[in-house]
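Proteins come first, then strands; the chains are lettered A, B, ... in the order of their sequence lines, and each starts at number 1.
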There are 2 protein chains.
Amino acid sequence: MRRDVFQAIADPTRRAIIALIAIQAMTPNALSEHFDSTRQTISKHLRVLTECQLVKQEHRGREIYYQLEVDKIKEIDKWIAQFRKIWENRYDQLDDLLLTIQHIQDQ
Amino acid sequence: MRRDVFQAIADPTRRAIIALIAIQAMTPNALSEHFDSTRQTISKHLRVLTECQLVKQEHRGREIYYQLEVDKIKEIDKWIAQFRKIWENRYDQLDDLLLTIQHIQDQ
DNA sequence: TATATATGCAGCCAATTGGATGCGCAAATT
DNA sequence: AATTTGCGCATCCAATTGGCTGCATATATA
């Protein structure tokens, strides 16, 4: 099983789950009320999220509260960071200039 | 076909392609030299990346240079942004305090 | 003009995925 | 003690995915 963070957030339902529990910890039952899928299907999604440590469980009697592991989101942010410097250092003017230089070289 | 940015970056090979062309535009042939997969497989990955507009083509004779669409990466960053305020406003001290309050309430 | 090179597309296949259903188990509630 | 509630797990299934091979097409090159 691959089970990495990027594969986990590929599914729209799982992203929605993440967004919901980011606000407050929730049980599988409470979560499934927000979706058309069955509780078991949501449970399966939570398993994927747990396996890649994007969420953690907090047992409370027979209920299990799922809570976001914000640090794991940072992992995605870390991957994005390598491109951030590109769009931060890119200005329209500079773009035009480079394009012009390229055209001259092509001739 | 789903073909959204999150599904696109779920595959490790596609993430590697993105990282490579972020430095400089590359042809499918040049790209496939960096992987064990065949040129056609890389081409298929490039198709996925093109369809969700993470890359754009620049035709040059019989060669096609693939170039990163940095703006599309921002879309992922935008999704991450909603969680950034959580980890920025979260300090260990505050965490401990909240945990203590919760324990008191549980009693 | 014939050949080599660069590429995309169609089709095939095994593996994975997201969904449902039907359990079993543990904790509350009656 | 019996029942209800909350949950995870195993299994099944159709759809998707990532990889391959074998083309067809377009552009360079001999």
Side-chain angles (χ1 to χ4, degrees), chain A residues 1-21 24-69 105-107, chain B residues 1-21 24-69 105-107:
Chain A
M1 255 164 285
R2 226 182 328 140
R3 219 101 304 181
D4 62 288
V5 190
F6 294 97
Q7 184 257 345
I9 62 160
D11 184 82
T13 306
R14 280 197 290 267
R15 285 202 302 280
I17 292 175
I18 290 171
L20 279 169
I21 63 169
Q24 59 173 352
M26 288 176 84
T27 66
N29 249 332
L31 273 168
S32 59
E33 279 170 22
H34 289 80
F35 303 95
D36 290 330
S37 308
T38 61
R39 178 191 57 79
Q40 286 94 327
T41 297
I42 301 301
S43 205
K44 209 170 173 179
H45 282 308
L46 286 168
R47 191 188 172 184
V48 174
L49 293 171
T50 307
E51 280 174 359
C52 70
Q53 290 169 302
L54 262 168
V55 306
K56 63 179 171 194
Q57 306 178 341
E58 190 200 323
H59 292 258
R60 273 223 201 175
R62 66 181 168 189
E63 287 179 323
I64 301 175
Y65 283 85
Y66 283 85
Q67 173 174 3
L68 187 62
E69 279 277 25
Q105 287 176 332
D106 286 350
Q107 288 168 359
Chain B
M1 253 163 286
R2 232 188 317 144
R3 216 100 308 180
D4 62 287
V5 191
F6 294 97
Q7 182 259 345
I9 63 159
D11 184 82
T13 306
R14 281 197 290 267
R15 285 202 302 280
I17 291 174
I18 290 172
L20 279 168
I21 63 169
Q24 59 172 353
M26 287 176 83
T27 65
N29 249 332
L31 272 169
S32 58
E33 280 170 22
H34 289 79
F35 303 94
D36 289 331
S37 309
T38 61
R39 178 191 58 78
Q40 286 95 326
T41 297
I42 301 300
S43 206
K44 210 170 174 178
H45 282 308
L46 286 168
R47 192 188 172 184
V48 175
L49 293 172
T50 307
E51 279 173 0
C52 69
Q53 291 170 303
L54 262 169
V55 304
K56 63 179 171 194
Q57 307 177 339
E58 190 200 324
H59 292 258
R60 273 222 201 175
R62 66 181 166 189
E63 287 179 323
I64 301 176
Y65 282 85
Y66 283 86
Q67 175 174 1
L68 187 62
E69 278 278 24
Q105 287 177 332
D106 286 350
Q107 286 167 359

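With B/Arg15 contributing its side chain and B/Ile9 its backbone, the two residues share a donor-acceptor pair below 3.5 Å.
Taking OG1 from B/Thr38 and NZ from B/Lys44, the interatomic distance works out to 9.5 Å, rounded to the nearest 0.5 Å. In this structure, CD1 on B/Ile21 lies 5.0 Å from CG on B/Leu68, to the nearest 0.5 angstrom. Going from atom CD of B/Glu63 over to atom CG of B/Asn29 covers 8.0 Å, rounded to the nearest 0.5 Å.
Using modelled atom types and a 3.5 Å distance limit, the side chains of B/Tyr65 and B/Gln57 yield no donor-acceptor pair.
Here the closest non-hydrogen pair linking B/Leu49 and B/Ala8 is CD2-CB, 4.2 Å. Among all heavy-atom pairs drawn from B/Asp11 and B/His45, the shortest one is OD2-CE1, 3.4 Å.
Here the side chain of B/Arg3 is nearest to one of D/dT17, C/dG8, D/dG8, namely D/dT17. Of the listed nucleotides (C/dT17, D/dG8, C/dT7), C/dT17 has the atom at the smallest distance from the side chain of A/Gln7.
Nucleotide C/dA26 holds its C1' atom 10 Å from the CD1 atom of A/Ile64, rounded to whole Å. At whole-Å resolution of the value, CZ in A/Phe6 and P in C/dT17 are 16 Å apart. At whole-Å resolution of the value, CD1 in A/Ile17 and P in C/dG18 are 11 Å apart. One atom, CD of B/Glu51, and another, P of D/dG18, lie 12 Å apart when rounded to the nearest Å. Atom pair B/Asp11:CG and D/dT16:C1' shows a separation of 13 Å (rounding to whole Å applied). Atom CZ of B/Arg47 is separated from atom C1' of C/dA6 by 18 Å (rounded to the nearest Å). Rounded to an integer number of Å, the gap from B/Tyr65 OH to C/dG8 P is 13 Å. Taking atom CD of A/Glu58 as the reference point, atom C1' of D/dC7 lies 16 Å away to the nearest angstrom.
Residue A/Thr27 places at least one side-chain N or O closer than 4.0 Å to OP1 or OP2 of D/dC7. Considering only side-chain N and O atoms, B/Asn29 lies under 4.0 angstrom from the phosphate OP1 or OP2 of C/dT7.
Scanning for side chain to side chain contact (heavy atoms under 4.5 Å, CB included) contacts around A/Ile42 gives A/Thr13, A/Ile17, A/Leu31, A/Ser32, A/Phe35, A/Ser37, A/Leu46, with sequence neighbours left out.
DNA chain D is contacted by B/Ser37, B/Thr38, B/Gln40, B/Thr41, B/Lys44, B/His45 of residues 33-46 of chain B, taking any non-hydrogen atom closer than 4.0 Å.
The nearest heavy atom of DNA chain C to B/Gln57 and to A/Arg14 marks one nucleotide each, and the one closer to the 5' end goes with B/Gln57.
With a 4.5 Å cut-off on side-chain heavy atoms, B/Gln7 and B/Arg14 count as touching.
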Please list, pair by pair, any protein nitrogen or oxygen found under 3.5 Å from a nitrogen or oxygen in nucleotides 27-30 of chain C.
residue: C/dA27; atom: O3'; partner: A/Arg62; partner atom: N; Å: 3.4
residue: C/dA27; atom: N3; partner: A/Arg62; partner atom: NH1; Å: 3.2

